Engineer: 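Following this message is one structure expressed as structure tokens.
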There are 2 protein chains.
Amino acid sequence: MSEEKEVTIYDIARLLNISAATVSRGLKDDPVINKSTRKKIQDLAKELGYRSNTFASNLRKKKTNTIGVIVPRLSSYFMAHVIAGMEHIATNEGYDLVISQSLETLKKEIANAETMFNNRVDGLLVSLSCETENLDHFEPFIRKGIPLIFFDRIKEHSRCMGIIIDNYKSAYEATKHLLDNGYRRIMHITGNLTCTVYAERWKGYKQALNDYKITPDLKMLVIKDLSEEAGMAAAAYILKLKQRPDAVFCANDACAIYCMRTLKQAGIKIPEEIAFVGFNNDPMSKVVEPNLTTVNYPGYAMGEAAATQLINHLNGISSITATNIIVLRSELITRESSRKKKVKS
Amino acid sequence: MSEEKEVTIYDIARLLNISAATVSRGLKDDPVINKSTRKKIQDLAKELGYRSNTFASNLRKKKTNTIGVIVPRLSSYFMAHVIAGMEHIATNEGYDLVISQSLETLKKEIANAETMFNNRVDGLLVSLSCETENLDHFEPFIRKGIPLIFFDRIKEHSRCMGIIIDNYKSAYEATKHLLDNGYRRIMHITGNLTCTVYAERWKGYKQALNDYKITPDLKMLVIKDLSEEAGMAAAAYILKLKQRPDAVFCANDACAIYCMRTLKQAGIKIPEEIAFVGFNNDPMSKVVEPNLTTVNYPGYAMGEAAATQLINHLNGISSITATNIIVLRSELITRESSRKKKVKS
DNA sequence: CTGAAAGCGCTAACAT
DNA sequence: ATGTTAGCGCTTTCAG
């Protein structure tokens with residue numbers, strides 16, 4: 001623990017008999033400084049083990065080079081990829097990421113936003129908790145002109161960009177795929193409808209049914225938390241139903257898979273008796289038997305897009321308030337779990 | 001963008017006709033200040049929307065309240081849970097997490113360490129890349145007395161704590177489980193053996209064989225990158241083998257699963273002809289058929305442990321250099337893929 | 001219990 | 001091309 005003393009620009013300045021200002025400029029390779037002076041400065045800095053003091057610099061520049069990220073949970077496959085994508089872009093651009101989880105509660109989301117605000121992040125990337133019904137706790141950012149981008153779980157705001165996939169369209173296509181393949185009594189299992197993503201998927205589902213002149217049946221709508229347990233519970237519900245669905249469109253893969261598995265264990269043939277479509281393209285969907293048809297959700301790309309937009313705005317290259325919504329491509333991946341229904345003739 | 005001016009302690013001081021020093025103390029509820037003065041200060045601060053300037057404070061205190069995290073990849077199920085665990089502890093203790101990925105390369109790991117060093121993190125939490133053979137790039141931290149904890153992928157260092165599971169023992173138990181269940185020709189599929197985790201697992205595997213008087217056969221050792229593709233390639237290798245294994249112990253689940261699947265598609269019965277044991281307890285392992293026997297890897301707990309130890313050290317509650325290694329409990333979860341072998345009689 | 005004063009290390013406007 | 005100067009906002013002796 002030999003706490004060596006920190007080297008400052010003043011040490012370098014003194015040793016080189018120049019001013020601290022010149023050192024400061026030389027260190028960031030400012031072309032206004034003589035090339036040989038620059039080299040001398042940089043060489044000595046390295047030799048002395050100089051490291052720039054970020055706080056002093058931040059204090060002066062009033063900029064933190066830090067981007068705040070607030071997400072419901074870190075520990076999903078999807079979110080891990082989003083974060084990886086953001087980290088990739090941020091690092092390349094010299095920004096740090098400070099990440100926090102709301103654990104799906106508004107209370108924590110508010111606390112996290114406050115911390116981020118006090119820490120003076122340069123910008124904020126947010127995926128909203130399901131409990132969040134208004135954006136009041138982000139007003140301090142708006143008022144200070146701190147750029148704010150929502151991704152995945154968004155709410156519209158005139159001054160904030162949103163980055164999403166077209167949940168409505170994806171759900172519509174997923175449902176239409178089932179209909180096209182001959183399924184008619186399609187159950188929808190989803191999460192809290194205050195979440196835009198789930199609300200949109202539900203709309204897409206209904207529209208597809210409508211287009212096939214099918215009236216949505218409320219018995220065919222199951223709202224749970226989309227957990228594995230919810231999937232098993234949904235399966236139990238299905239088994240008790242007098243008139244069972246011939247297909248299930250579930251708003252995530254984990255829930256779809258555990259529902260499917262439970263039914264399978266109860267002797268139901270998948271997809272012959274009940275077909276399945278999930279959402280997210282979780283690695284599990286490729287492994288479960290039968291392989292689950294699902295909607296690919298480009299997490300890494302979404303993370304990259306969000307970080308890129310924010311940083312471009314920060315650098316003045318583009319403005320967040322001009323573009324309002326960016327929609328990423330998402331496509332249906334058809335697999336065994338929704339194979340064409342054999343029509344009994 | 002109404003860039004309202006920032007409120008500082010001087011503003012509060014002026015308005016209250018007291019000194020900035022008193023405000024500074026009052027804001028952190030220093031009992032040395034008159035209770036009513038404290039209240040006045042805090043009330044006014046809230047009213048004016050005062051937020052403390054972290055840099056100014058950091059600059060003065062030479063402390064960042066930031067913990068750096070360097071991991072090979074963020075986007076695995078395991079690592080997502082590690083990070084979630086760290087974030088949980090760090091947030092509670094008022095620390096920020098700054099996270100970066102080495103993407104399994106030494107070059108990036110060095111660059112990341114340097115950034116963290118320059119950003120003056122208070123402590124560092126590291127899981128090493130596979131390429132890392134020495135700890136030179138962490139010397140600046142050691143020299144400055146900045147605490148450094150390795151987790152999961154560690155290397156021993158007299159001044160750094162390591163947090164791991166007992167990979168040797170877990171692998172030993174996994175292999176012994178197969179042996180106990182009647183399997184004798186056990187293949188081991190693993191990753192780069194410069195990684196301690198894989199080296200330890202390999203040792204455990206060999207020891208179990210030894211204890212059963214079985215000489216390890218080099219044909220039964222497959223070293224790949226443990227990816228899904230590696231799993232499929234390993235399956236192809238097995239199919240071409242004159243003398244096939246009757247069981248496979250794979251150092252992670254993803255690879256095990258894709259190997260198993262490929263064999264299954266080729267008509268091999270699992271576990272009758274070839275049994276499987278994986279490692280990690282990835283969600284996929286519970287979903288694949290047959291369910292995969294695996295070793296539970298407590299990611300969240302590991303993240304919590306690492307963060308807790310670091311913060312305790314930072315707070316002077318305990319020392320990192322005293323304890324050297326913390327071993328977390330990990331247990332074998334037996335499932336269908338390694339059912340007892342039926343002995344032909 | 002409160003205040004005065006001296007920086008922490010860096011940057012940027014302004015001057016030379 | 002380089003130097004001077006004046007802070008950024010906070011903390012912390014030391015003095016009262």
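First the proteins, then the strands, lettered A, B, ... as listed; each starts at 1. Quantities reported herein were computed from a predicted structural model and do not represent experimental measurements.
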Engineer: Considering only D/dG9, C/dG3, D/dT2, which nucleotide approaches the side chain of A/Asn34 most closely?
Structural biologist: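 For the A/Asn34 side chain, the nearest candidate turns out to be D/dT2.
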Engineer: On DNA chain C, check which nucleotide each of A/Thr8 and B/Val23 is closest to and give me the residue with the more 5' one.
Structural biologist: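 Its nearest nucleotide lies further toward 5', so the answer is B/Val23.
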Engineer: Write down the distance between NZ (A/Lys35) and P (D/dT2), rounded to a whole number of angstrom.
Structural biologist: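 Answer to the nearest Å: 14 Å.
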Engineer: How does protein reach along nucleotides 11-16 of chain C, written 5' to 3' as B (base within reach of a heavy atom under 4.0 Å), S (only sugar-phosphate), or - (no contact)?
Structural biologist: BBBB--
Engineer: Between A/Glu6 and A/Arg51, is there a salt bridge with N-O shorter than 4.0 Å?
Structural biologist: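 Yes, this pair counts.
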Engineer: Would you say the side chains of B/Asp122 and B/Thr64 form a donor-acceptor pair under 3.5 Å?
Structural biologist: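 Present: a donor and an acceptor within the cut-off.
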Engineer: D/dC10 C1' sits how many Å from A/Arg120 CZ, rounded?
Structural biologist: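 From A/Arg120 CZ to D/dC10 C1': 11 Å.
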Engineer: Check this for me, if you would: do B/Glu131 and B/Lys108 make a salt bridge, where the nitrogen-to-carboxylate-oxygen distance has to be below 4.0 angstrom?
Structural biologist: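 Answer for the salt bridge query: no.
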Engineer: Do the side-chain N or O atoms of A/Ser19 get closer than 4.0 angstrom to the phosphate oxygens (OP1, OP2) of D/dG3?
Structural biologist: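 So the side chain of A/Ser19 is within the cut-off, an N or O lying under 4.0 Å from OP1 or OP2 of D/dG3.
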Engineer: If the threshold is 4.0 Å, N to carboxylate O, is there a salt bridge linking A/Arg14 and A/Asp11?
Structural biologist: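 Salt bridge: yes.
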Engineer: Can you tell me how far P of D/dT2 sits from CZ of A/Arg38, to the nearest Å?
Structural biologist: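 So the CZ-P distance, A/Arg38 to D/dT2, works out to 9 Å.
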Engineer: Hey, does the side chain of A/Thr37 come within less than 4.0 Å of D/dT2's phosphate (OP1/OP2), counting only N and O?
Structural biologist: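 For D/dT2, OP1 or OP2 has a side-chain N or O of A/Thr37 closer than 4.0 Å.
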Engineer: Using atom NZ of B/Lys40 as one end and atom C1' of C/dC1 as the other, report the distance to the nearest whole Å.
Structural biologist: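 Roughly 13 Å, once rounded to whole Å.
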Engineer: For A/Ile33 and D/dT2, what is the distance between atoms CD1 and C1' respectively, to the nearest whole Å?
Structural biologist: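 It is 6 Å, rounded to the nearest whole Å.
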